[in-house]
Number of protein chains: 2
Amino acid sequence: MPTVSSEELAAAAGVNSAKLRKDFSYLGSYGTRGVGYDVEYLVYQISRELGLTQDWPIVMVGIGNLGAALANYGGFASRGFRVAALIDADPAMTGKSVAGMAVQHADELEKIIDANGVSIGVIATPAGAAQQVCDRLVAAGVTSILNFAPTVLSVPDGVDVRKVDLSIELQILAFHEQRKAGEGQEEDVADVDVAGAVDAGGSAAAAAAATKQTRKGPDGDVPAVMPA
Amino acid sequence: MPTVSSEELAAAAGVNSAKLRKDFSYLGSYGTRGVGYDVEYLVYQISRELGLTQDWPIVMVGIGNLGAALANYGGFASRGFRVAALIDADPAMTGKSVAGMAVQHADELEKIIDANGVSIGVIATPAGAAQQVCDRLVAAGVTSILNFAPTVLSVPDGVDVRKVDLSIELQILAFHEQRKAGEGQEEDVADVDVAGAVDAGGSAAAAAAATKQTRKGPDGDVPAVMPA
DNA sequence: CAGTGTGAAATGCTTCACAGCT
DNA sequence: AGCTGTGAAGCATTTCACACTG
C-alpha cells in the first residue's frame, strides 16, 4: 500500500477526515490531489516534525520496580530515546545490571548529564526524594522532566514537567464503571455534563494534579481528583 | 481552614475561578454565597461523584517489572481500589509474594473474577499475550480494562479500554525540547499551530494510539505518533 | 474524477459580568 | 460586603462543502 487517503486514515483512527487533512496541512502539503498521501513520505515527515528522527539521551533516576520497568520498556528506543544512564541513590544498587546496563550512583548525576548532553530526565524515585532529585537535574542543565513520583515538583521557568499518575487512568475507568452501574434511574440531569467534563480533561478538578504542571492553554491532560 | 473560595482554589489549581465554579455547579450547589465552599463537605461530594468512596476490586494480569511496580503503587488503595488478585501465566511465578500478596496462576482467572465481583482488569503482560488475556477478562465479566501492553485491544461494545503508553509523555517532552532548541529562526509559521494541536491532544495523529481506544467526542487523550 | 487543501459555518468550551443570596 | 451560580459574550476547535489540482 504505497498511498493512503485521508478517508482511510481517518476511519482507522476514528476521527473526521477533514480534521485529519487540516492537521496534516499544518505540516505542509504532503498529499497529492486525487491520489492521497504517500505513506513512506508522510511517515517520515511526521516523524521528523515530532522529533522521532533525533537521538534523545535521557537519564532515569530511581531504579526501583517502576524504574526497572521503564528501563526495560521497549517503546523508548524505537522512538528516538536512548537511556544514557540509570541512577540510584542506594549504594547497594550501584553496579547492578538492569536492562543490560549498570546502575550508577547518584553522585555521578551531574557528570553524566554533562558528558552526554542530556536534557530530559525521568524521576521514578519515592515521593520524598523527588524534589531534591529534580533540583539537581535542573541545576545540571536538564530542561524537561517526566515525573512518576506522586508529588508536584516546583521548577524554574523554562523547565517543562509532566507528571504521570498511574492511578488516574484507573480512576477514569472506575468513574465510567460507576456510571454504567447506575444507568437510567439517576436523579439529576447533570450527570451527562459531568461525564463530558471528565472525558474532555478540561475540568477544573483536572488541574489539581495536572499532567503538565504549569500551563496556560488547554492541553491533553487527563482529569485528576481531590486529595485522596 | 474550614472554607475555601473559588478564587483561592482556582489560583492553587492554575485555572479560571469562573470555570471552577461552573464545574462545581454541575455537581450541585455546594457553596455558600458570601462565604465559599465548606472544604470537608466539598471533598466528600467530589469523592462520591468520582467513585472514590466505593471499593473497586481489580485484577492485575502479568506480574513482570511493570506489574510488580503497579502492585506496589500506593496510590491505588487510597483511591478506593483493592487488588483482588495478581495473576501470571508463568508457573514459576505462582505462589511468589509480590507487594505482600501471592501471585496466582492464570488458570484461576475466571474463578477469581467471579468470586470477587471484579469489573476492572489491568493488563501488564507482553504485547503478544494481551489480546488473549483481554478476551478472557471480558468473557469472565470484566467491563473496564487498563492496558499497559503496547497493542491496541479489540473489545465488544460496552467494554471500556484505556491504553497507557509510557513513551508518549516522553515524546511530548522531546517535542517541546526540540522546539526550544530551534527557537526563533524556524521557517514556517505553522509551528505555533502544531504545538497547539499537540498540547490540546485533539490532533488527528492522537487517535493512532489514543488512550481511550473507542471514542466519539473530544477527550483528554495525549497525542501519539505514527508507527515507530 | 478522486481526493486534497481550506474558507466559512457550526459546534463546543471558557471567560465575563452581574443578579441574587447569606 | 463578599462570593456563589449562571446567562450571555467571546474565543477555539471541528466539521462542512467545494474550488482546485494531478
Side-chain angles (χ1 to χ4, degrees), chain A residues 1-39 41-42 45 188-190 192-207 210 215-221 223, chain B residues 1-11 13-39 41-42 45-46 188-190 192-207 210 215-221 223:
Chain A
M1 197 179 199
T3 67
V4 66
S5 72
S6 62
E7 203 65 61
E8 292 169 297
L9 275 178
V15 298
N16 183 292
S17 68
K19 180 170 207 312
L20 193 139
R21 287 200 301 278
K22 191 154 264 185
D23 276 14
F24 283 3
S25 77
Y26 290 128
L27 307 178
S29 288
Y30 298 138
T32 307
R33 291 170 190 230
V35 179
Y37 299 90
D38 181 88
V39 173
Y41 187 51
L42 182 64
Q45 289 298 344
D188 50 340
V189 192
V192 177
D193 295 294
V194 174
V198 169
D199 277 346
S203 80
R215 63 195 200 147
K216 267 184 178 154
D219 61 30
D221 294 347
Chain B
M1 197 177 199
T3 68
V4 66
S5 71
S6 63
E7 203 66 63
E8 291 169 295
L9 276 179
V15 297
N16 183 290
S17 68
K19 180 170 206 316
L20 194 139
R21 286 201 300 281
K22 191 153 265 190
D23 276 14
F24 283 4
S25 77
Y26 290 129
L27 307 178
S29 288
Y30 298 137
T32 307
R33 290 167 192 235
V35 179
Y37 299 88
D38 181 87
V39 172
Y41 187 52
L42 183 63
Q45 289 296 346
I46 293 180
D188 51 339
V189 192
V192 178
D193 295 296
V194 175
V198 169
D199 277 347
S203 81
R215 63 195 198 148
K216 265 184 177 154
D219 61 29
D221 293 346

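In what follows, chains carry the letters A, B, and so on, assigned in the order in which the sequence lines appear, proteins first and then strands, with residues in each chain numbered from 1.
Not a single donor-acceptor pair, N or O on each side, falls under 3.5 Å between the base of dT22(C) and the side chain of Arg33(B).
Checked against a 6.0 Å centroid threshold, the rings of Tyr30(A) and Phe24(A) do not count as neighbours.
Contact record, Ser17(A) with Ser6(A): CB-O, 3.9 Å, taken as the closest heavy-atom pair. Shown here for Tyr37(B) and Gly31(B), the closest heavy-atom pair between the two residues is CD2-CA, 3.4 Å.
Each of Val35(A) and Ala18(A) was matched to the nucleotide of DNA chain D holding its nearest heavy atom; the match closer to the 5' end belongs to Ala18(A).
Spacing between atom CZ of Arg21(B) and atom P of dC13(C) amounts to 19 Å, rounded to whole angstrom units. Distance Phe24(A) CZ to dT4(C) P: 10 Å, rounded to the nearest Å. To the nearest angstrom, C1' of dT6(C) lies 6 Å from NZ of Lys22(A). For Lys19(B) and dA8(D), the NZ to P distance is 21 Å, given to the nearest whole Å. Atom CD of Glu8(B) is separated from atom P of dC3(D) by 8 Å (rounded to the nearest Å). The interatomic distance linking Asn16(B) (CG) with dC3(D) (P) rounds to 16 Å, in whole Å. One interatomic measurement links the two molecules: OH of Tyr26(A) to C1' of dT6(C), which rounds to 9 Å at whole-angstrom precision. Rounding to whole angstrom units, OH of residue Tyr37(A) and P of dT21(D) are separated by 16 Å.
Side-chain nitrogen and oxygen atoms of Ser6(B) include at least one within less than 4.0 Å of the OP1 or OP2 phosphate oxygen of dT4(D). OP1 or OP2 of dG5(C) sits under 4.0 Å from a side-chain N or O of Ser29(A).
Looking at Leu27(B) and Ile46(B), their side chains come closer than 4.5 Å, going by heavy atoms from C-beta outward.
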